[in-house]
2 protein chains.
Amino acid sequence: MRISSRCEYGLRAMVYLAGRSGADPVSLSTIASDEGIPMAFLERIMARLRDAGLVVATRGVSGGYRLSRATAEISVADVVAALEGPLSLVGCLPDDHGCDRSDGCASRQVWRRLDEAISDALTGITLSDLTMEAVTR
Amino acid sequence: MRISSRCEYGLRAMVYLAGRSGADPVSLSTIASDEGIPMAFLERIMARLRDAGLVVATRGVSGGYRLSRATAEISVADVVAALEGPLSLVGCLPDDHGCDRSDGCASRQVWRRLDEAISDALTGITLSDLTMEAVTR
DNA sequence: TCGAATCCCAACTCGATTGGTCGGGATTAT
DNA sequence: ATAATCCCGACCAATCGAGTTGGGATTCGA
């Protein structure tokens with residue numbers, strides 16, 4: 001179970017933007033070179049973040065990306081959900097399709113718990129937390 | 001981020017064995033048919049669990065698998081680690097290779113926190129918890 | 001009006017992983 | 001012996017991850 005590069009890069013880019021929040025939009029090439037991320041790949045990542053409504057792009061000469069909301073209003077969970085897809089660990093949680101196995105439910109509780117643990121951990125951190133030089137532990 | 005079938009099947013098999021703990025070994029074919037898992041695939045899974053020291057196999061006519069330890073001594077984290085590999089979210093946590101990026105550390109704290117949350121959630125549940133008909137929440 | 005900077009997008013590659021299957025061994029109780 | 005069982009390496013198809021390529025469409029400034 002490993003975080004994808006997509007997700008790692010995406011969060012880095014968002015933290016980067018959070019550090020420049022309020023200023024002019026930042027171009028793809030700037031983010032990519034400052035963060036050491038392959039530009040064409042970052043482009044795909046930003047497209048997802050845009051589609052999720054987390055960043056706003058402006059095109060043309062001095063265009064670029066900026067955050068769509070205040071840094072305190074964007075959680076890491078938002079970013080991860082936008083990049084990793086639905087983010088539910090096992091298929092049968094929402095639809096609850098029967099659970100015909102006797103111990104299937106027992107195992108499933110594990111995945112549900114884990115789901116909650118992950119969710120709790122990620123929704124509790126916002127980009128503004130990350131721009132301050134230390135996550136309080 | 002999704003749990004693999006391998007892992008799902010593996011935990012189901014372990015819970016199954018936990019429910020019969022202390023009795024005769026259970027054959028692959030029995031587990032597979034009772035749990036609805038493709039037998040040849042389950043065989044590969046059991047091999048990993050055996051290599052991890054979580055189950056013991058005996059061959060020959062009335063052979064099969066049994067747990068190597070008491071159900072309370074096997075955590076879900078043990079099972080998942082045996083089946084999912086190293087289970088660390090991002091490569092640079094143990095070796096800490098520089099962190100030359102300015103905000104790399106900020107993002108990394110997120111992954112470390114998440115790592116802890118997952119680890120805590122999984123080490124806290126043992127097979128004996130799962131054989132009782134309800135995980136206390 | 002032209003061109004450069006910028007975002008937008010679909011298609012492609014390439015290797016690893018997932019989810020299996022297949023075919024034969026080696027062991028052991030009866 | 002023989003049947004039941006685990007053991008194991010090889011194989012396979014589909015998907016996913018991590019990018020790349022090549023071209024658009026927009027917008028600002030000169």
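It should be emphasised that the depicted structure is a prediction, and the values quoted were computed from it without experimental measurement. Side-chain atoms are counted along with the backbone in the values below, which use heavy atoms only and exclude waters and symmetry mates. Convention: sequence-line order gives letters A, B, ...; per-chain numbering from 1.
The span of DNA chain C lying next to chain A, judged by atoms under 4.0 Å from heavy atoms, is bounded 5' to 3' by C:dA4 to C:dA11.
Among the nucleotides D:dA3, D:dC7, D:dT5, the one closest to the side chain of B:Val61 is D:dA3.
The CG atom of B:Asp51 sits 10 Å away from the C1' atom of D:dC7 (whole-angstrom rounding). In this structure, the CE atom of B:Met46 is 14 Å from the P atom of D:dT5, given to the nearest Å.
Between B:Thr126 and B:Thr71 there is no side-chain heavy-atom pair separated by less than 4.5 Å. B:Tyr9 places a side-chain heavy atom less than 4.5 Å from the side chain of B:Pro38.
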All N/O donor-acceptor pairs, side-chain side in residues 40-56 of chain B, below 3.5 Å, sequence neighbours left out:
{"from": "B:Arg48", "atom 1": "NH1", "to": "B:Leu83", "atom 2": "O", "distance (Å)": "3.3"}

Let me check something: any side-chain donor-acceptor pairs from residues 25-32 of chain B under 3.5 Å, sequence neighbours excluded? List them with distances.
{"from": "B:Ser27", "atom 1": "OG", "to": "B:Ser29", "atom 2": "OG", "distance (Å)": "3.0"}
{"from": "B:Ser27", "atom 1": "OG", "to": "B:Thr30", "atom 2": "N", "distance (Å)": "3.2"}
{"from": "B:Ser27", "atom 1": "OG", "to": "B:Thr30", "atom 2": "OG1", "distance (Å)": "2.9"}

>> With salt bridge (Lys or Arg N to Asp or Glu O under 4.0 Å) as the criterion, how do B:Arg69 and B:Asp78 come out once you've worked through the C-alpha distance, each side chain's angles and the decisive distance to 0.1 Å?
In response: CA-CA 12 Å; B:Arg69 309 199 287 268; B:Asp78 292 332; 3.4 Å; yes

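If you take CE on A:Met132 and CG on A:Leu127, they are separated by 11.0 Å, rounding to the nearest 0.5 Å.
Applying the ring pair (Phe, Tyr, Trp, His ring centres under 6.0 Å) definition to pairs two or more places apart or across chains, none involves residues 18-38 of chain A. For the ring pair (Phe, Tyr, Trp, His ring centres under 6.0 Å) condition, no pair includes a residue of residues 42-86 of chain B, sequence neighbours left out.
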> How does each nucleotide of nucleotides 17-25 of chain D score, in 5' to 3' order, for protein heavy atoms under 4.0 Å: base (B), sugar-phosphate only (S), or none (-)?
Replying inline: SSBBB--BB

